[in-house]
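Below is one structure; the comments refer to it alone.
By convention here, the first residue in the shown sequence is residue 1.
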Amino acid sequence: QVQVAESGGGLVQAGGSLTLSCAASGRTGTTYAMGWFRRAPGQEREFVAAISWNGADSYYADSVKGRFAISRDNAKRTVYLQMNSLKPEDSAVYYCAVFSPGLPLTIGTMTGQHNYIAWGQGTQVTVSS
(Lines give C-alpha, C1' and ligand atoms only; values in the text may rest on other atoms or scores of the structure.)
Protein backbone atom coordinates (compact mmCIF):
# COMPACT_ATOMS: atom_id res chain seq x y z
CA GLN A 1 0.00 0.00 0.00
CA VAL A 2 1.34 3.41 -0.95
CA GLN A 3 0.56 6.60 0.94
CA VAL A 4 1.04 10.20 -0.12
CA ALA A 5 1.20 13.45 1.80
CA GLU A 6 1.04 16.97 0.43
CA SER A 7 2.85 20.04 1.72
CA GLY A 8 3.67 23.56 0.64
CA GLY A 9 0.28 25.22 0.65
CA GLY A 10 -0.26 28.67 2.06
CA LEU A 11 -1.44 32.21 1.45
CA VAL A 12 -0.08 34.12 -1.52
CA GLN A 13 -1.01 37.29 -3.37
CA ALA A 14 -2.39 37.18 -6.88
CA GLY A 15 0.43 36.93 -9.38
CA GLY A 16 2.62 35.08 -6.92
CA SER A 17 4.00 31.56 -6.91
CA LEU A 18 3.89 28.47 -4.75
CA THR A 19 5.37 25.01 -5.04
CA LEU A 20 3.46 22.06 -3.66
CA SER A 21 5.16 18.79 -2.82
CA CYS A 22 3.74 15.30 -2.62
CA ALA A 23 5.85 12.70 -0.83
CA ALA A 24 5.13 9.00 -1.26
CA SER A 25 5.75 6.32 1.32
CA GLY A 26 4.89 2.68 1.86
CA ARG A 27 5.17 0.17 -0.98
CA THR A 28 8.49 0.87 -2.68
CA GLY A 29 8.54 -1.65 -5.52
CA THR A 30 6.51 0.40 -7.98
CA THR A 31 6.90 3.90 -9.36
CA TYR A 32 3.47 5.28 -10.05
CA ALA A 33 2.08 7.91 -12.32
CA MET A 34 0.73 10.72 -10.16
CA GLY A 35 -1.86 13.44 -10.34
CA TRP A 36 -2.89 16.68 -8.68
CA PHE A 37 -6.50 17.66 -8.13
CA ARG A 38 -8.14 20.54 -6.31
CA ARG A 39 -11.44 21.37 -4.67
CA ALA A 40 -12.63 24.93 -4.21
CA PRO A 41 -15.34 25.72 -1.64
CA GLY A 42 -18.73 24.62 -2.89
CA GLN A 43 -17.31 22.99 -5.99
CA GLU A 44 -16.49 19.51 -7.17
CA ARG A 45 -12.94 18.25 -7.04
CA GLU A 46 -11.29 18.81 -10.40
CA PHE A 47 -8.23 17.62 -12.24
CA VAL A 48 -5.21 19.93 -12.30
CA ALA A 49 -2.20 18.05 -13.64
CA ALA A 50 -0.69 14.58 -13.96
CA ILE A 51 2.67 13.06 -14.75
CA SER A 52 3.79 9.66 -15.98
CA TRP A 53 5.93 7.40 -13.82
CA ASN A 54 9.17 8.51 -15.47
CA GLY A 55 8.22 12.15 -15.98
CA ALA A 56 8.26 11.85 -19.76
CA ASP A 57 4.60 12.80 -20.16
CA SER A 58 2.50 15.38 -18.37
CA TYR A 59 -1.06 16.59 -18.70
CA TYR A 60 -2.75 19.80 -17.57
CA ALA A 61 -6.20 21.23 -17.18
CA ASP A 62 -6.81 24.09 -19.58
CA SER A 63 -7.30 26.44 -16.65
CA VAL A 64 -3.70 26.01 -15.47
CA LYS A 65 -1.85 25.29 -18.70
CA GLY A 66 1.09 27.63 -19.12
CA ARG A 67 1.04 28.65 -15.44
CA PHE A 68 1.52 25.37 -13.55
CA ALA A 69 4.23 22.78 -14.03
CA ILE A 70 4.28 19.24 -12.65
CA SER A 71 7.56 17.42 -12.11
CA ARG A 72 8.96 14.56 -10.09
CA ASP A 73 12.10 13.30 -8.42
CA ASN A 74 11.83 9.52 -8.18
CA ALA A 75 14.94 9.24 -6.04
CA LYS A 76 13.11 11.32 -3.42
CA ARG A 77 9.74 9.73 -4.24
CA THR A 78 8.32 13.23 -4.53
CA VAL A 79 6.10 14.96 -7.07
CA TYR A 80 5.95 18.73 -7.32
CA LEU A 81 3.45 21.24 -8.59
CA GLN A 82 5.00 24.60 -9.39
CA MET A 83 2.25 27.20 -9.54
CA ASN A 84 2.98 30.59 -11.10
CA SER A 85 0.86 33.62 -11.90
CA LEU A 86 -1.65 32.52 -9.31
CA LYS A 87 -5.19 33.85 -9.44
CA PRO A 88 -7.84 34.06 -6.73
CA GLU A 89 -9.77 31.36 -8.57
CA ASP A 90 -6.85 28.99 -7.95
CA SER A 91 -7.73 29.03 -4.25
CA ALA A 92 -8.62 25.49 -3.22
CA VAL A 93 -7.51 22.45 -1.30
CA TYR A 94 -4.97 20.67 -3.48
CA TYR A 95 -4.75 16.89 -3.41
CA CYS A 96 -2.08 14.54 -4.62
CA ALA A 97 -3.13 11.11 -5.87
CA VAL A 98 -1.58 7.85 -7.03
CA PHE A 99 -2.64 6.64 -10.47
CA SER A 100 -3.67 3.02 -10.78
CA PRO A 101 -0.86 0.95 -12.28
CA GLY A 102 -1.67 -0.96 -15.42
CA LEU A 103 -4.02 1.62 -16.87
CA PRO A 104 -2.97 3.40 -20.06
CA LEU A 105 -1.64 6.90 -19.56
CA THR A 106 -3.90 9.15 -21.57
CA ILE A 107 -5.51 12.51 -20.88
CA GLY A 108 -8.79 10.64 -20.59
CA THR A 109 -7.64 8.18 -17.95
CA MET A 110 -5.47 10.56 -15.96
CA THR A 111 -8.22 13.13 -15.52
CA GLY A 112 -10.58 10.53 -14.08
CA GLN A 113 -10.61 10.58 -10.29
CA HIS A 114 -11.83 6.99 -10.17
CA ASN A 115 -8.54 5.88 -11.74
CA TYR A 116 -6.54 6.88 -8.66
CA ILE A 117 -5.91 4.42 -5.87
CA ALA A 118 -4.60 6.58 -3.04
CA TRP A 119 -5.12 10.18 -2.00
CA GLY A 120 -3.45 12.58 0.37
CA GLN A 121 -5.23 14.73 2.93
CA GLY A 122 -4.78 17.89 0.90
CA THR A 123 -3.06 21.21 1.40
CA GLN A 124 -4.81 24.58 1.36
CA VAL A 125 -3.83 27.22 -1.19
CA THR A 126 -5.33 30.67 -0.80
CA VAL A 127 -4.69 33.41 -3.34
CA SER A 128 -5.63 36.92 -2.25
CA SER A 129 -6.61 39.59 -4.74
Side-chain angles (χ1 to χ4, degrees):
Q1 188 78 10
V2 62
Q3 297 88 38
V4 291
E6 307 90 343
S7 61
L11 174 64
V12 63
Q13 288 188 332
S17 299
L18 273 178
T19 300
L20 305 183
S21 298
C22 172
S25 61
R27 183 175 177 178
T28 59
T30 302
T31 303
Y32 298 90
M34 302 288 290
W36 285 96
F37 291 76
R38 67 186 182 186
R39 176 181 283 155
Q43 297 187 23
E44 297 289 321
R45 187 162 58 186
E46 64 176 4
F47 171 77
V48 175
I51 189 167
S52 60
W53 70 271
N54 60 359
D57 299 296
S58 57
Y59 308 88
Y60 297 92
D62 288 342
S63 59
V64 306
K65 202 171 292 183
R67 299 188 298 121
F68 290 14
I70 189 171
S71 62
R72 65 189 302 155
D73 183 337
N74 286 341
K76 297 181 178 179
R77 304 193 75 201
T78 300
V79 175
Y80 304 96
L81 185 68
Q82 173 69 44
M83 305 185 295
N84 300 318
S85 302
L86 283 162
K87 305 174 182 180
E89 52 263 43
D90 294 318
S91 297
V93 177
Y94 283 72
Y95 298 90
C96 173
V98 180
F99 189 71
S100 180
L103 291 179
L105 301 181
T106 68
I107 185 65
T109 58
M110 299 206 77
T111 57
Q113 297 183 46
H114 57 283
N115 292 323
Y116 291 79
I117 60 172
W119 294 80
Q121 294 299 307
T123 185
Q124 177 71 49
V125 172
T126 303
V127 184
S128 63
S129 57

Any residue meeting side chain to side chain contact (heavy atoms under 4.5 Å, CB included) with Ala56, in chain and number order, not counting sequence neighbours: Ser52, Asn54
Ser58 side-chain N/O to Ile51 backbone N/O, donor-acceptor pair under 3.5 Å: no
From Glu44 atom CD to Gln113 atom CD, the distance as rounded to the nearest 0.5 Å: 8.0 Å
Atom pair OG/NZ of Ser129 and Lys87 - distance to nearest 0.5 Å: 14.0 Å
Heavy-atom closest pair, residues Ala33 and Leu105: CB-CD2, 3.8 Å
Listed once per pair and sorted, the disulfide bond (SG atoms under 2.5 Å apart) pairs that draw on residues 99-129, sequence neighbours left out: none
Partners meeting salt bridge (Lys or Arg N to Asp or Glu O under 4.0 Å) with Lys65 (sequence neighbours left out): Asp62
Side chains of Asn115 and Thr109, donor plus acceptor under 3.5 Å: no
Non-hydrogen atoms of Ser25 and Arg77 that approach each other most closely: CA-NH1, 3.7 Å
Sidechain-backbone polar pair: Ser91 side chain, Glu89 backbone, donor-acceptor under 3.5 Å: no
Let me check something: any side-chain donor-acceptor pairs from residues 92-100 under 3.5 Å, sequence neighbours excluded? List them with distances.
from: Tyr94; atom 1: OH; to: Arg38; atom 2: NH1; distance (Å): 2.9
from: Tyr94; atom 1: OH; to: Asp90; atom 2: O; distance (Å): 2.6

Heavy-atom closest pair, residues Ile117 and Pro101: CD1-CD, 3.9 Å
Which atom of Gly8 lies closest to which atom of Leu18, heavy atoms considered: O-CD2, 3.8 Å
Exam field: side chain Glu6 to backbone Gln121, donor-acceptor pair closer than 3.5 Å: yes
same_hphob_cluster(Val4, Met110) at 4.5 Å side-chain heavy-atom cutoff: no
Expected output: side-chain Thr123 to main-chain Gly9 donor-acceptor under 3.5 Å: yes
Where at least one partner belongs to residues 98-129, residue pairs that pass disulfide bond (SG atoms under 2.5 Å apart), sequence neighbours excluded: none
Heavy-atom check, side chain of Tyr80 versus side chain of Cys22, under 4.5 Å: no
Beyond-backbone contact of Arg67 with Met83, side-chain heavy atoms, under 4.5 angstrom: no
Connected via hydrophobic side-chain network under 4.5 Å: Ile107 and Leu103: yes
Where Ser17 and Ser85 come nearest, the two heavy atoms and their spacing: OG-N, 4.4 Å
Side chains of Gln82 and Thr19, donor plus acceptor under 3.5 Å: yes
Pairwise ring-ring contact (aromatic ring centres under 6.0 Å, His included) hits with a residue in residues 36-73, at least two apart: Phe37-Phe47, Phe37-Tyr116, Phe37-Trp119
side-chain hydrogen bond (donor to acceptor under 3.5 Å, both in side chains) between Asn74 and Thr31, worked out: CA-CA 8 Å; Asn74 286 341; Thr31 303; 4.9 Å; no
Side-chain heavy-atom pair Val12, Thr126 within 4.5 angstrom cut-off: no
